[in-house]
K.L.:
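Below is the structure I would like to discuss, written out as C-alpha cells.
First listed ligand is number 1; within each ligand, the first listed atom is number 1.
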Amino acid sequence: LSFFVTILGSSGAVPAYGRYPSAQLINLHNEYMLVDCGEGTQMQLARYDLPLMRINHIFISHLHGDHYLGLPGLLHTMHLHHREHELHLYSPQGLGDILTVQFFYSRTALNFPVIMHTLQTEERTIILDHKHFTVETIPLRHKIPCCGFLFREKDKPRRINTEKIPPGLPYHKLVALKNGEDILDEAGQIWLKNEDYTLPPRKSCMYAYCSDTAYHEALVEQLKGVDVLYHEATFTQEDEGKANETMHSTAMQAAEIARKAGARLLLIGHFSARYRKLQVLLEEAQKIFANTRIAEEGSTHSVAEL
Ligand SMILES: [Zn+2]
C-alpha cells in the first residue's frame with residue numbers, strides 16, 4: 001500500500017535559485033492529496049508527471065501567499081480539463097472569500113463542486129476520516145492562524161501466511177483470518193487457529209507536515225513516533241534572531257523536534273532566499289538529528305519503511 005511524499009516546492013516566502021514555494025503531493029493508499037499550493041504548483045505537477053486530476057483533497061496550512069497562490073491557477077486548470085467530481089479544500093478562515101472574489105471577476109463558474117472545510121488552528125482536530133487513514137491538524141505558532149497536517153494510517157489487518165494456508169480455502173475464510181478470527185470446523189471446534197496461519201499486521205505509519213512555525217516544543221507530544229517529519233527550517237543558527245522575529249525555525253530547531261519526537265526521517269524545507277547553497281542548513285540539522293534530508297524539488301520519500 002502506497003505512502004509517499006513528493007516535494008514540489010521547498011522555498012520560503014519567495015522563489016529562489018530554481019526553488020519553488022511550498023507544495024507537496026501525498027500518495028496515501030492511492031489517494032492523491034496536496035499539502036500547500038504555492039505559486040507554480042501546477043507546473044511542478046506537470047514537470048514531474050504527477051496526476052493533477054486525481055487530487056481530491058488540498059490542505060492549506062495558512063494564508064501567506066507562498067502557501068496558496070498556486071491554487072487559483074490549479075483550480076482553473078482542473079476546470080478547463082472538465083473535472084466534474086468534488087474537490088475538498090481545507091484552510092484557515094478566508095480562503096473561500098479569496099477564491100470567490102477571484103472567480104467572480106473572471107466570471108468563472110467551476111464545473112465541479114468545491115467543498116470548503118474551514119479549520120480552526122488552535123486545537124488538534126481530525127479533518128478527514130478515510131477508510132484507511134486519518135488526517136488531523138497540528139496547531140503551529142506563526143504570525144497568522146496556521147496549522148500543519150498529520151497523516152496517520154489506521155490499524156492494518158493481519159497478513160495471511162500463504163505458506164501455511166490449506167489449498168482451496170474459501171475466500172470468506174481468508175477474510176475471517178485476516179480479521180483475526182479462528183476458523184471452526186463443522187463440529188464447532190477450532191480448525192485453523194488464527195495465529196498459526198497469519199502474520200502480524202504491517203506497521204501503520206505517520207507523516208507530519210509542519211510549516212510555518214516558530215520553535216514549538218509542544219509539537220513533540222503529538223508527533224511521537226512519527227515516521228517521516230517535514231519541518232520548516234527557514235534559517236541557519238547564525239540567523240536565529242531573524243527566525244524569532246518572523247516566527248520561523250532554524251534547521252537546528254527542526255532537528256530538535258525530530259529528535260525529541262523520535263522520528264525516523266526528517267525533511268527540512270521552506271528555505272530563506274538568503275541561502276543559495278543549503279549545505280549549512282543540512283549540516284546544522286544533522287548535528288542533532290543524523291537522518292535529515294533536504295526536501296528537494298522532485299524528490300519522493302517513502303513514509304512506510306521499505
Ligand atoms: Zn508563513
K.L.:
Taking the six-membered ring for Trp, are His67 and His270 parallel (under 30°), tilted (30 to 60°) or perpendicular (over 60°)?
P.N.:
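Rings of His67 and His270: parallel, under 30°.
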
K.L.:
Is Glu153 reaching over with its side chain to a backbone N or O of Cys205, donor-acceptor style, under 3.5 angstrom?
P.N.:
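Answer holds: yes.
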
K.L.:
Return the name of the atom in His64, of element N, O or S, nearest to the Zn ion (ligand 1).
P.N.:
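Atom name of the closest N, O or S in His64: ND1.
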
K.L.:
Please determine if the Zn ion (ligand 1) has an N/O/S atom from His62 lying under 2.8 Å away.
P.N.:
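Looking at His62, which is the residue asked about, there is an N, O or S atom under 2.8 Å from the Zn ion (ligand 1).
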
K.L.:
Which atoms form the tightest heavy-atom contact between Asn111 and Arg83, and what is the distance?
P.N.:
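For Asn111 versus Arg83, the nearest heavy atoms are OD1-O, 2.9 Å.
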
K.L.:
Do Val228 and Tyr209 land in one hydrophobic cluster if side-chain heavy atoms of ILVMFWY residues count as linked below 4.5 Å?
P.N.:
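Yes; Tyr209 is reachable from Val228 via cluster members.
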
K.L.:
Hey, is there an N, O or S on His67 sitting under 2.8 Å from the Zn ion (ligand 1)?
P.N.:
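No, since none of the N, O or S atoms of His67 sits under 2.8 Å from the Zn ion (ligand 1).
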
K.L.:
Looking at Asp212, pick out the N, O or S atom nearest to the Zn ion (ligand 1) and give its name.
P.N.:
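Looking at Asp212, the N, O or S atom with the least distance to the Zn ion (ligand 1) is OD2.
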
